[in-house]
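Only one structure is covered here, and it is reproduced in the block below.
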Amino acid sequence: MIATTTKAPATAGSAAPQPAAAPVPAEVKPNAAERFTAKVMKEFGSTVGEIQVTDYQRQLVQGYFIAIDRALKSAEEERLRKNEKNKDHEKYDNNLPVTWGNVNLNDLALDVVHYARMGLDMMQENHLFPIPYKNNKTGKYDMTLMPGYNGIQYIAEKYAVEPPLAVTVELVYSTDTFRPIKKSAENRVENYEFAINNAFDRGEIIGGFGYIEFADPVKNKLVIMTKKDIEKRKPKYASANFWGGKQKVWDNGKQVDQETDGWYEEMCLKTIKREIYSAKHIPRDPKKIDDNYQYMKMREARIAELEAQDIIDANANGMVIDVTPTALPEPTAPASFAGGNPSEPAASPRPTAETAPAVIQDDGQTTLTGPTF
């Protein structure tokens, strides 16, 4: 016989069964990029005052974290490589690790907010590059942000009195045919003729030009630069890594001279583009000039000083950064962050040989201690 039981109905005086309590959702901690953004806002506010940034600008700042984190890892690998090859470690080693903890965050916060408010995006090709320079006076690394080709173009068009419809920039070689057609009484529109006669052996660079086109063709402008014009704009302490020539390298514990081609063509092209997109040829509108633009112009002068010092100082580990890098390590969540890996945006396009940061990579990767913010 099978025993059965029945549940007695609840009476008026009995308590009704209670539903199970809903689980309390775990607190979502900000990721590394979000914490960097909060730190930047805090540092900027303590220096300048409270500011208003849009959601898009905050996204740009988080993208800056990704790019700067990669740049620091690459520079640290280069520091270790140089130290290993030094014959006199006591005299030549750089013992300041390139980590977030050794970055001048006050200046970086100012740079990041100003450039983000301008709309420059490190996740876009050739917009903006982070470059660490060792500051021997402060014992910190100054993280300089340098606009690339597309960043220079973006700034010129954003602040122009009249943005151009198109800009053509070309190098001219000894086997090419180039004929300028200047404005005259018979010719109201400035123009040119250009032909590459031997695409696979164009000879030596003899100059270059830029052609700026506007909605009104009468305003079109042809800018011609000879090789001498280009060389005049070459930095006084230009690195042979980029402009070619002799450079000092370590070989079996000794410094020796080594001849290198560098990236001379890319440097010439970059020089012409900087000239073409300058305010001299694409005038800026005074009504559009804001604090962010003024700040950028001030920082450009500082960048020139850092580049020169970087070449002169034998212990400097930052590099002026304009050639194609090898693969950069993916950013990882620094150990001092509580929140796991940062949410990464889509992978940024690989920088070109014209403006990308140049860092010599080793085969191995170095895990760094992350920022403490």
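When reading the values below, keep in mind they use all heavy atoms of this one structure, side chains included, and skip hydrogens, waters and symmetry mates. Bear in mind that the values here come from a model prediction, so they are computed numbers and not experimental data.
Partners of K219 under the side chain to side chain donor-acceptor pair (under 3.5 Å) rule, at least two apart in sequence or in another chain, are E162. With sequence neighbours excluded, no residue satisfies side-chain contact (heavy atoms from CB on, under 4.5 Å) with A185. The ring-ring contact (aromatic ring centres under 6.0 Å, His included) check on F194 picks up F209, with sequence neighbours excluded. The salt bridge (charged side-chain N to carboxylate O under 4.0 Å, His left out) test applied to K280 returns E275, not counting sequence neighbours. The side-chain contact (heavy atoms from CB on, under 4.5 Å) search around Y56 returns T54, Q59, L60, D121, not counting sequence neighbours. Every residue two or more places apart in sequence or in another chain that forms a side-chain contact (heavy atoms from CB on, under 4.5 Å) with N187 is listed here: I181, S184. Judged as a salt bridge (charged side-chain N to carboxylate O under 4.0 Å, His left out), and not counting sequence neighbours, the contacts of K287 are D285. Y295 meets the side-chain contact (heavy atoms from CB on, under 4.5 Å) test with L110, D111, H114, M298, R299; sequence neighbours excluded. Contacts of Y293 classified as ring-ring contact (aromatic ring centres under 6.0 Å, His included), with partners at least two apart in sequence or in another chain: Y159. With sequence neighbours excluded, the residues satisfying side chain to side chain donor-acceptor pair (under 3.5 Å) with Y264 are E231.
Considering every non-hydrogen atom in both A75 and V98, the closest pair reads CB-CG1, 3.7 Å. When all heavy atoms are compared, the tightest approach of Y277 to V167 is OH-CB, 3.4 Å. The shortest heavy-atom contact between H281 and V223 is ND1-CG2, 3.6 Å. What you find for V189 and P217 is that their closest heavy atoms are CG1-O, 3.5 Å. Closest approach of S174 and G203 over heavy atoms only: OG-CA, 3.4 Å. The two atoms that bring H127 and L120 nearest to each other are ND1-CA, 3.8 Å, heavy atoms only.
With hydrogens and angles disregarded, a donor-acceptor distance shorter than 3.5 Å links the side chain of N220 to the backbone of F214. With hydrogens and angles disregarded, no donor-acceptor distance shorter than 3.5 Å links the side chain of K234 to the backbone of W243. A donor-acceptor distance shorter than 3.5 angstrom exists from the side chain of K158 to the backbone of M118, with no hydrogens or angles considered. In this structure, the side chain of K140 does not engage the main chain of N135 through any donor-acceptor pair within 3.5 Å. With hydrogens and angles ignored, the 3.5 Å screen pairs a side-chain donor or acceptor of R284 with a backbone N or O of I282. At distances below 3.5 Å, at least one donor-acceptor pair connects side-chain atoms of Y149 with backbone N or O atoms of K270. Looking only at distances, no side-chain donor or acceptor of Y115 sits under 3.5 Å from a matching main-chain atom of P147.
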### Task
Report the C-alpha distance between E265 and L269 in whole Å, list the side-chain angles of each, state the deciding distance to 0.1 Å, and finish with yes or no for side chain to side chain contact (heavy atoms under 4.5 Å, CB included).
CA-CA 6 Å; E265 294 181 358; L269 190 62; over 6 Å; no
### Task
List the steps, then state whether side chain to side chain contact (heavy atoms under 4.5 Å, CB included) holds for V61 with V113.
CA-CA 7 Å; V61 173; V113 172; 5.6 Å; no
### Task
Start with the C-alpha gap between Y154 and I152, add the side-chain angles, then the distance that decides, and say whether side chain to side chain contact (heavy atoms under 4.5 Å, CB included) holds.
CA-CA 5 Å; Y154 172 84; I152 293 170; over 6 Å; no
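For the side chain to side chain contact (heavy atoms under 4.5 Å, CB included) with I206, the qualifying choice from V172, T226, T175, L171 is V172, the only one to do so. For the side chain to side chain donor-acceptor pair (under 3.5 Å) test with R81, the passing option among E78, E84, E77 is E78; the others fail.
Under the 30°/60° scheme for interplanar angles, the aromatic rings of Y211 and Y192 are found to stand perpendicular.
Distance check: R233 CZ to I272 CD1 gives 9.5 Å after rounding to the nearest 0.5 Å. Atom CG of L145 is separated from atom CG of L108 by 6.5 Å, given to the nearest 0.5 angstrom. One distance of note links CH2 of W100 with CE of M143; it measures 6.5 Å at 0.5 Å rounding. Rounding to the nearest 0.5 Å gives a distance of 10.5 Å between NZ of K273 and CD of E266. Residue D93 holds its CG atom at 10.0 Å from CG of L80, rounded to the nearest 0.5 Å. Atoms CZ and CE, from F129 and M146 in turn, are 10.0 Å apart once rounded to the nearest 0.5 Å.
Side-chain contact, K134 with N94: a donor N or O sits under 3.5 Å from an acceptor N or O.
Under the 4.5 Å side-chain contact rule for hydrophobic residues, L222 and M225 do not share a cluster. Hydrophobic clustering places I289 together with M296 (ILVMFWY residues linked when any side-chain heavy atoms are closer than 4.5 Å, directly or through intermediates). Two different hydrophobic clusters hold I212 and I224 under the rule that ILVMFWY side chains link at heavy-atom gaps under 4.5 Å. In terms of hydrophobic clustering, with Ile, Leu, Val, Met, Phe, Trp and Tyr side chains grouped at heavy-atom distances under 4.5 Å, V112 and V103 are assigned to a common cluster.
The closest side-chain heavy-atom distance from L72 to Y141 is not below 4.5 Å.
Listed by first and then second residue, the salt bridge (charged side-chain N to carboxylate O under 4.0 Å, His left out) pairs involving residues 173-183 are D176-R202, R179-E193, K182-E190 (not counting sequence neighbours). Identified under the salt bridge (charged side-chain N to carboxylate O under 4.0 Å, His left out) test for residues 203-218, with sequence neighbours left out: none.
The pair R79-E76 counts as a salt bridge, with a side-chain nitrogen and a carboxylate oxygen less than 4.0 angstrom apart.
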